[in-house]
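This report concerns only the one structure given below.
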Amino acid sequence: MVFRRTRDPKVEELRGLSLFEDCSPKQLERLGALMDLVELPAGRVLMSEGTGGRECFLITRGKVTVSLDDEELARLGPDEIVGEMALLDNESRSATVIAETPLRALVIDRQRFTTILTLWPGFGQKLLKVLTRRLRAVQSLA
Amino acid sequence: MTRPEVERLRQIPLFSACTASELERLASVGSEVTIEAGTTLMRQGSTDAVECFVITDGEVSVFKDSDRVATLGPGAIVGEMSAVDGLPRSATVVVNTPVRAIRYSSAEFQEVLLASPSAARRVMRVVASRIREAQGSDLDWSPLGSDEFVVAEATEEQSGNGHPSP
């Protein structure tokens with residue numbers, strides 16, 4: 001009996017993410033093909049406020065620090081997304097994000113981000129929830 | 001055949017990038033309402049209703065802690081935060097002039113997001129701009145569906161792989 005089993009590491013990483021929890025294994029495979037898996041060292045700057053943005057990161061392992069004007073806004077870890085705002089509105093990066101520990105992340109570039117939003121409306125629905133949570137958090141700081 | 005409801009939807013910036021079949025589907029979601037001037041659409045802190053409104057005519061004011069923070073008109077969406085997360089209203093919205101709007105229950109709003117990726121993206125863009133505003137960046141509360149966005153979306157660079165910056 002042949003039991004076809006892909007061991008795509010990207011699919012393995014995707015499996016744990018709530019943004020894609022409704023996706024079938026087949027969909028995860030197609031999604032994985034639209035992303036790159038990266039390992040980054042602690043201290044790496046993922047993005048700097050005010051610069052242009054061309055990708056977002058889905059963190060699957062490790063932690064990042066999000067700051068604005070040298071003030072820490074948040075610490076984010078596995079199952080969080082960073083960098084999506086500049087892809088949504090084509091404005092510059094709204095914050096600086098630095099790897100606090102060694103990091104594993106799935107990277108989605110601008111074009112593929114749009115593709116994923118179009119092909120998986122559930123992703124947009126969940127991402128809106130993430131943004132709403134962040135808006136409330138920022139408003140409560142203001 | 002183009003139904004008048006579909007044509008009306010197409011005029012709304014939130015839906016202007018929708019395909020014909022998306023518009024057909026959206027035409028049966030939500031209800032058109034007329035609201036008298038002076039009505040309080042939602043009250044900050046309230047948890048009693050999780051509907052949101054897309055304004056098609058008229059003007060509303062948004063208040064936070066009794067400060068007026070915005071005046072919004074046709075094309076604007078209000079109440080989407082609670083419709084998304086069910087948490088208390090973050091602001092009070094009062095109707096300044098007679099308003100026509102499409103009202104979506106929380107469930108209907110989720111249906112809109114699923115039916116139209118372009119509408120979902122525009123709502124996300126509105127929320128993103130409010131985050132930027134709350135963070136104090138110098139962007140204005142951007143109007144929904146401004147045209148430069150459509151252009152930007154259409155000309156998105158065909159860049160290569162999404163490598164992180166070196």
Side-chain angles (χ1 to χ4, degrees), chain A residues 34-36 38 40 44-51 53-57 68-69 73 83-92 94-95 105-114 116-142, chain B residues 17 19 22 64-65 69 80-91 109-139 142 146 148-166:
Chain A
L34 296 168
M35 303 175 186
D36 295 311
V38 296
L40 303 171
R44 171 67 65 88
V45 178
L46 277 69
M47 61 199 74
S48 303
E49 65 189 81
T51 63
R54 54 190 193 125
E55 75 273 292
C56 67
F57 299 81
L68 183 61
D69 300 331
L73 293 177
E84 77 294 339
M85 277 180 39
L87 300 191
L88 284 166
D89 63 13
N90 303 304
E91 301 290 346
S92 56
S94 64
L106 290 157
V107 185
I108 312 174
D109 72 22
R110 181 180 288 281
Q111 193 194 346
R112 287 164 164 186
F113 182 76
T114 299
I116 293 170
L117 281 176
T118 307
L119 294 180
W120 284 274
F123 172 58
Q125 192 189 29
K126 292 198 172 68
L127 191 54
L128 179 57
K129 222 169 198 166
V130 172
L131 290 167
T132 302
R133 168 162 53 84
R134 291 186 183 164
L135 176 53
R136 287 192 190 270
V138 173
Q139 284 178 341
S140 73
L141 292 176
Chain B
T19 64
E22 284 173 5
K64 281 197 181 181
D65 308 324
V69 293
E80 78 292 341
M81 287 172 65
S82 296
V84 165
D85 63 18
L87 293 175
R89 296 295 192 189
S90 65
F109 189 55
Q110 297 304 318
E111 211 176 319
V112 169
L113 299 176
L114 290 177
S116 169
S118 67
R121 184 165 177 159
R122 285 181 183 210
V123 176
M124 282 188 268
R125 188 166 179 257
V126 170
V127 177
S129 76
R130 290 177 188 171
I131 292 174
R132 289 183 190 273
E133 194 206 42
Q135 283 179 343
S137 51
D138 48 9
L139 275 175
S142 82
S146 54
E148 105 276 347
F149 171 61
V150 178
V151 173
E153 200 173 35
T155 58
E156 267 170 3
E157 72 214 60
Q158 308 282 306
S159 67
N161 295 328
H163 297 300
S165 319

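Every chain is numbered from 1, with letters handed out A, B, ... down the list of sequences.
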### Query
Got a sec, which residues hit side chain to side chain donor-acceptor pair (under 3.5 Å) with A:S94, two or more places apart in sequence or on another chain?
none
### Message
What part of A:A105 gets within 4.5 angstrom of chain B, counting heavy atoms only: side chain, backbone, both, or neither?
### Response
neither
#### Entry: Contacting region of A:L73 [heavy-atom separation from chain B under 4.5 Å]
side chain
#### Entry: Heavy-atom pair with the smallest gap, counting every atom of B:L87 and B:S82
O-OG, 2.8 Å
### Atom pair CD1/CG of A:I108 and A:L87 - distance to nearest 0.5 Å
8.5 Å
#### Entry: Counterpart residues, side chain to side chain donor-acceptor pair (under 3.5 Å), relative to A:Q125 (two or more places apart)
B:Q110
## Note on the structure
Given A:R136, A:R134, A:E49, the one with more heavy-atom pairs under 4.5 angstrom with chain B than any other is A:R136
